[in-house]
A.B. asks: 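This structure is in structure tokens; I'll ask about it shortly.
These figures come from a predicted structure and were not determined experimentally.
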Amino acid sequence: MLLVRMKFLQLLSRKPGKLEMLFQIPVCQKQFPYMCLATSACLYSKKKKVNSYDQVDQEKYKNLVYSVTSYKTSAQTPETIFEEDHLLYGPPAKHRPPVKAETKMPKNWVPLINPNKRIPLLNSNSNFPMKIALQKTKMPSVTRILQQTISPQQAFYLERWKERMIQELGKDGFAEYTKNLFLQGELFHAALESIFLPEDMATKEQREDVAISGYLSSVQHVLKDIGEVKALESAVQHETLQYLGLVDCVAKYRGQLCVIDWKTSEKPKPSLKNTFDNPLQVAAYIGAINHDANYDFQVSCGLIVVAYKNGSPAHPHFMDPDLCSQYWNKWLLRLEEYMDRN
């Protein structure tokens, strides 16, 4: 071992430099780094690297090298990509947009606005709202038509709600519950009527009914935007289509003459779709007024006001002329369905 170390030191002494200074240590030290022997040996056993490309037959691959290096840009184009996809995966399946269902139009279409109705320039009775009593005739009412042509989905939800309420309240309790709802609705409409009537015609007791105080508080912010009342709890009938109804109110809401329908609810209905068939009812009343000779005006807008028993602010849902026209067409289809069944 000693002989090996001495030969190693002699080898280092031939090349002066930092390595010579580094390894000038006593031979007898046990801490002599054996790994340095291998590292130092590598420094002096370097071999020349052989370039493997020198052994390639350049003439054989000359055409291939030229074809690759001769293009400055990619050889692929959208056309070639489509061709490759066609060969690999077959012809592409063309996407066809879904076919929109054709809007069903009523067979007996009547316009919402009556083009033959003439509106007088002056109306001497404009300060007093019209109130025509509902007469019993063979003509079906708007409410009856909508009830008998209700969609299966709505009928299912209505029946499920009824069954759940009967389980909670019992049959007698449910009957009492629906009776109270109907009574509260009547009192609420009567109170609103007294609000819109002149003071000498209003009934003070109706305004102070405790059972409907929450509903009245709920609609206070809506009442501020209503004026020029033209009809209250007044009967209307469509002379051409032969149906009738009882409209809650016809008045101006924010400057637009509207058929106003007051609704009560214990659950919030923040959007128009939550009111189910109420927009069709409003559209039916608008069409009836416009084709009723008793009314010397026409209406093109609607308003559904949902009041809440707990007094929270009511949700007013305004229906512009375009929206009323859409629901008018839907109403005509429901009317035709009713006529076909009966």
A.B. asks: I'd like to know whether NZ of K117 has more than 12 heavy-atom contacts from other residues, nucleotides or ligands below 6.0 angstrom.
C.D. replies: yes

A.B. asks: For Q153, does the CD atom have more than 12 heavy-atom neighbours from other residues, nucleotides or ligands under 6.0 Å away?
C.D. replies: no

A.B. asks: Would you call I286 and W328 a side-chain contact if the rule is heavy atoms closer than 4.5 Å?
C.D. replies: no

A.B. asks: Flag the pair L223 / F196 as yes when at least one side-chain heavy-atom distance between them is below 4.5 Å, and no otherwise.
C.D. replies: yes

A.B. asks: Could you state whether M165 and L158 fall into the same hydrophobic cluster, counting links through intermediate Ile, Leu, Val, Met, Phe, Trp or Tyr residues with side-chain heavy atoms under 4.5 angstrom apart?
C.D. replies: yes

A.B. asks: Could you tell me the separation between the CG atom of N116 and the CZ atom of R118, rounded to the nearest 0.5 Å?
C.D. replies: 9.0 Å

A.B. asks: Would K330 pass as a cation-pi partner of Y327, given that its NZ or CZ must be under 6.0 Å from the six-membered ring centre and within 45 degrees of the axis?
C.D. replies: yes

A.B. asks: So which atom in A191 and which in I212 form the shortest heavy-atom distance, rounded to 0.1 Å?
C.D. replies: CB-CD1, 3.6 Å

A.B. asks: Under the criterion side-chain contact (heavy atoms from CB on, under 4.5 Å), I'd like the reasoning laid out for L303 against V259: C-alpha separation, chi angles, the key distance, then a yes or no.
C.D. replies: CA-CA 6 Å; L303 179 69; V259 166; over 6 Å; no

A.B. asks: Report, as yes or no, whether the 6.0 Å neighbourhood of atom NZ on K131 holds more than 12 heavy atoms from other residues, nucleotides or ligands.
C.D. replies: yes

A.B. asks: Let me confirm one number: the CD-CG distance from Q298 to N114, rounded to the nearest 0.5 Å.
C.D. replies: 5.5 Å

A.B. asks: So with a 6.0 Å cut-off around CD of E337, is the heavy-atom count from everything else above 12?
C.D. replies: yes

A.B. asks: Within the structure provided, determine whether D248 and Y285 are in side-chain contact (heavy-atom separation under 4.5 Å).
C.D. replies: no

A.B. asks: May I have the step-by-step check of ring-ring contact (aromatic ring centres under 6.0 Å, His included) for W331 and Y338, ending in yes or no?
C.D. replies: CA-CA 11 Å; W331 158 251; Y338 173 85; 9.0 Å; no

A.B. asks: Please check if L335 and M139 belong to a single hydrophobic cluster, counting links between Ile, Leu, Val, Met, Phe, Trp and Tyr side chain heavy atoms closer than 4.5 Å.
C.D. replies: no

A.B. asks: Is it true that F174 and W161 have ring centroids separated by less than 6.0 Å?
C.D. replies: yes

A.B. asks: Verify side-chain contact (heavy atoms from CB on, under 4.5 Å) between V236 and L244, making sure each step is shown before the conclusion.
C.D. replies: CA-CA 6 Å; V236 294; L244 53 79; over 6 Å; no

A.B. asks: Assigning hydrophobic clusters by single linkage (Ile, Leu, Val, Met, Phe, Trp, Tyr; side-chain heavy-atom cutoff under 4.5 Å), is V229 placed with L246?
C.D. replies: no

A.B. asks: Output the distance between atom CD1 (I289) and atom CE (M130), rounded to the nearest 0.5 Å.
C.D. replies: 9.0 Å

A.B. asks: Minimum heavy-atom separation for I113 to S300, with atom names?
C.D. replies: CD1-CB, 4.1 Å

A.B. asks: Do the non-hydrogen side-chain atoms of Y215 and L187 ever get within less than 4.5 Å of each other?
C.D. replies: no

A.B. asks: Which heavy atom in C324 sits nearest to a heavy atom in G302, and how many Å separate them?
C.D. replies: SG-N, 3.6 Å

A.B. asks: Do F182 and Y177 land in one hydrophobic cluster if side-chain heavy atoms of ILVMFWY residues count as linked below 4.5 Å?
C.D. replies: no

A.B. asks: Hey, does the side chain of S265 reach the backbone of P268 with a donor-acceptor pair shorter than 3.5 angstrom?
C.D. replies: no

A.B. asks: Give, for atom OG1 of T240 and atom CG of N290, the distance between the pair rounded to the nearest 0.5 Å.
C.D. replies: 11.5 Å

A.B. asks: Rounded to the nearest 0.5 Å, how far apart are CD1 of I145 and CZ of R341?
C.D. replies: 12.0 Å

A.B. asks: If the test is side chain to side chain contact (heavy atoms under 4.5 Å, CB included), which one of D261, V247, T275 qualifies with Q281?
C.D. replies: D261

A.B. asks: Is any side-chain heavy atom of P279 less than 4.5 Å from a side-chain heavy atom of M319?
C.D. replies: yes

A.B. asks: So, does E336 use its side chain to make a donor-acceptor pair with the main chain of K107 at under 3.5 Å?
C.D. replies: yes

A.B. asks: Do V282 and I260 make a side-chain contact, defined as non-hydrogen atoms from C-beta onward lying under 4.5 Å apart?
C.D. replies: no

A.B. asks: Under the side-chain hydrogen bond (donor to acceptor under 3.5 Å, both in side chains) rule, what pairs show up with a residue in residues 310-320, not counting sequence neighbours?
C.D. replies: Y308-H315, N310-S312

A.B. asks: What are the two closest heavy atoms between Q242 and M339, and how far apart are they?
C.D. replies: O-CE, 4.2 Å

A.B. asks: Would you say the side chain of K267 lies within less than 4.5 Å of the side chain of N274, judging by non-hydrogen atoms?
C.D. replies: no

A.B. asks: Give a yes or no answer on whether the side chain of E193 reaches the backbone of L232 with a donor-acceptor pair at less than 3.5 Å.
C.D. replies: no

A.B. asks: Taking V299 as the starting point, is it possible to reach L272 by hopping between hydrophobic residues whose side chains are less than 4.5 Å apart?
C.D. replies: yes

A.B. asks: Are D322 and S325 linked by a side-chain donor-acceptor pair shorter than 3.5 Å?
C.D. replies: no

A.B. asks: With the side chain counted from C-beta on, respond yes when W262 and V306 share a heavy-atom pair under 4.5 Å apart, and no when they do not.
C.D. replies: no

A.B. asks: Over all heavy atoms of both residues, which pair between S218 and A307 is shortest? Give the atoms and the distance, please.
C.D. replies: OG-CA, 3.7 Å

A.B. asks: Would you check, one step at a time, whether the test side-chain contact (heavy atoms from CB on, under 4.5 Å) holds for I195 with L216?
C.D. replies: CA-CA 10 Å; I195 291 174; L216 293 176; 4.3 Å; yes

A.B. asks: For S234 and I132, indicate whether the former's side chain and the latter's backbone hold a donor-acceptor pair under 3.5 Å.
C.D. replies: yes

A.B. asks: For atom NZ of K263, decide whether the heavy atoms of other residues, nucleotides or ligands shown that lie under 6.0 angstrom number more than 12.
C.D. replies: yes

A.B. asks: Go through I119 and D296 one step at a time and tell me if the side-chain contact (heavy atoms from CB on, under 4.5 Å) criterion holds.
C.D. replies: CA-CA 6 Å; I119 309 301; D296 58 357; 5.7 Å; no

A.B. asks: Just how far is it from atom CG of L333 to atom CG of N108, taken to the nearest 0.5 Å?
C.D. replies: 11.5 Å

A.B. asks: What pair of heavy atoms forms the shortest contact from G287 to Y243, and how long is it?
C.D. replies: C-OH, 4.2 Å

A.B. asks: Is it true that D277 and R334 have a side-chain N and a carboxylate O under 4.0 angstrom from each other?
C.D. replies: yes

